[in-house]
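Below is one structure, written out as structure tokens, with a few remarks after it.
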Amino acid sequence: MPELPEVEVVRRGLHEHVAGRTVAAVEVLHPRAIRRHLPGAADFAVRLTGQTLRAARRRGKYLWVDLSGGDAMLAHLGMSGQMLVQPVGAPDEKHLRVRVRFADDGPELRFVDQRTFGGLALAEIVEVDGTPLPRPVAHIARDPMDPAFDADAAVAALRRRRTEVKRALLDQTLVSGVGNIYADEALWRARLHGLRATDKLGRAKAAELLAHAAQVMHEALGEGGTSFDALYVNVNGQSGYFDRSLAVYGREDEPCRRCGTPVRREPFMNRSSYSCPRCQPRPRG
DNA sequence: AGGCAGTCCTGGTAGC
DNA sequence: TGCTACCAGGACTGCC
């Protein structure tokens with residue numbers, strides 16, 4: 001499941017392989033993949049054609065490519081989305097949703113997505129807090145890797161919430177980029193149970209938690225950034241090149257790496273949370 | 001207005 | 001073997 005580090009790997013790959021190239025043709029093979037582009041698939045294709053792609057950018061789990069015309073091509077990978085750069089004529093992937101061909105007849109850009117939670121759209125750029133953002137991203141908070149990320153402000157925002165700490169970590173309007181995997185990893189490092197109340201969390205503990213979230217994502221990026229083929233811009237939840245370093249996520253009944261207690265799995269928001277019963281005691285009540 | 005349940009989607013797997 | 005049920009989960013929608 002692509003979270004911030006995986007999306008950053010894709011951003012770097014896009015920047016390297018498509019920046020500076022001009023779009024010659026766009027083919028939308030599945031309408032759901034451009035459902036966030038309200039004017040529809042035909043409009044998406046027409047407006048993207050002829051544009052030159054500029055810098056690839058990211059905030060949290062959203063990424064986009066600036067267009068010569070001033071707008072941006074926005075992408076969210078959802079759960080299973082991939083951006084592939086493939087030679088023209090390479091066989092279509094089973095879940096190929098959008099194909100972008102370039103005027104230089106070089107490798108084409110493909111958006112492939114099995115579960116179609118992700119998608120592409122064209123969006124207007126607006127300025128938020130001094131930073132240009134595609135309009136659909138305007139409400140997304142800065143992520144911990146943003147040079148302008150304000151840790152003190154994020155801690156304050158987190159503690160203002162009246163909810164459970166894991167819910168808050170996953171709230172992209174507080175801090176962006178953290179998904180279920182890195183939330184569980186950060187909570188384990190901070191020795192906090194995800195059901196702890198945010199408004200009863202001390203300032204120092206909240207700051208520690210956010211620092212752990214930033215650190216675990218940074219480490220994952222260090223692993224993922226070196227493991228993808230230069231000609232194959234790819235992030236794939238199933239490939240799991242970050243799995244080796246996970247302490248709790250997906251490790252039910254396996255020993256906690258700190259104390260050896262079997263890791264537990266608990267239902268959480270129609271999915272799962274993983275934690276150590278000893279290091280992360282469940283709050284009372 | 002903030003919090004939160006419900007919804008979208010498909011491949012893999014467990015269970016019968 | 002072949003069916004059904006369930007699980008993965010990010011982010012938006014709409015309700016309270």
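Throughout, protein chains are lettered first and strands after them, A, B, ... in sequence-line order, and every chain is numbered starting at 1.
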Point-to-point distance, once rounded to the nearest 0.5 Å, from CZ of A:F268 to CD of A:E164: 6.5 Å
Would you classify A:R35 as touching base, sugar-phosphate or nothing, given that sugar-phosphate means primed atoms plus P, OP1 and OP2, and contacts are heavy atoms under 4.0 Å? nothing
How close or far is atom P of B:dG12 from atom CD of A:Q114, stated in whole angstroms? 7 Å
Salt bridge A:R32-A:D113, side-chain N to carboxylate O under 4.0 Å: no
Over how many whole Å does the gap from A:F117 atom CZ to C:dA8 atom P extend? 12 Å
Lys/Arg-Asp/Glu bridge criterion (N-O < 4.0 Å) met for A:D184, A:K166: yes
Length of the line joining A:M269:CE and B:dC4:P, which is rounded to integer Å: 9 Å
Pick out which of A:L53, A:V100, A:D104 makes a side-chain contact (heavy atoms from CB on, under 4.5 Å) with A:R21. A:D104
If each of A:R162 and A:N270 is mapped to the nucleotide of DNA chain B with the nearest heavy atom, which maps nearer the 5' terminus, i.e. the 5' end? A:R162
From C-beta outward on A:T116, which listed nucleotide comes closest to its side chain: C:dA8, B:dC9, B:dT10? B:dC9
Base, backbone or nothing for each nucleotide of nucleotides 11-16 of chain C, written B, S, -, heavy atoms under 4.0 angstrom, 5' to 3'? SS----
Tell me: CG of A:N180 to C1' of C:dA8, nearest whole Å? 10 Å
Are OP1 or OP2 of B:dG2 and a side-chain N or O of A:R161 less than 4.0 angstrom apart? no
Between C:dA8 atom P and A:R115 atom CZ, what is the distance in whole Å? 10 Å
Hey, are A:Q86 and A:E93 close enough side-chain-wise for a donor-acceptor pair under 3.5 Å? yes
Phosphate oxygens OP1/OP2 of B:dA1: is one of them under 4.0 Å from a side-chain N or O of A:R160? no
What nucleotide among B:dT10, B:dC4, C:dG10 has an atom nearest to a side-chain atom of A:R167? B:dC4
Rounded distance (Å) that lies between atom P of B:dG6 and atom CZ of A:F268: 14 Å
By nearest nucleotide on DNA chain B, pick out whichever of A:H30 and A:D171 is the more 5' one. A:D171
Determine, for A:E185 against A:R189, whether the closest basic-nitrogen to carboxylate-oxygen distance falls under 4.0 angstrom. no
Looking only at B:dC9, B:dG11, C:dA8, the nucleotide nearest the A:K94 side chain is B:dG11
Any side-chain N or O of A:S80 below 4.0 angstrom from OP1/OP2 of B:dG11? no
Integer-rounded Å distance: B:dG2 C1' and A:L158 CG: 15 Å
Whole-Å gap separating P (B:dC4) and NZ (A:K166): 15 Å
What I want to find out is whether A:D66 reaches A:R57 closely enough, with some N-O distance under 4.0 Å, to be called a salt bridge. yes
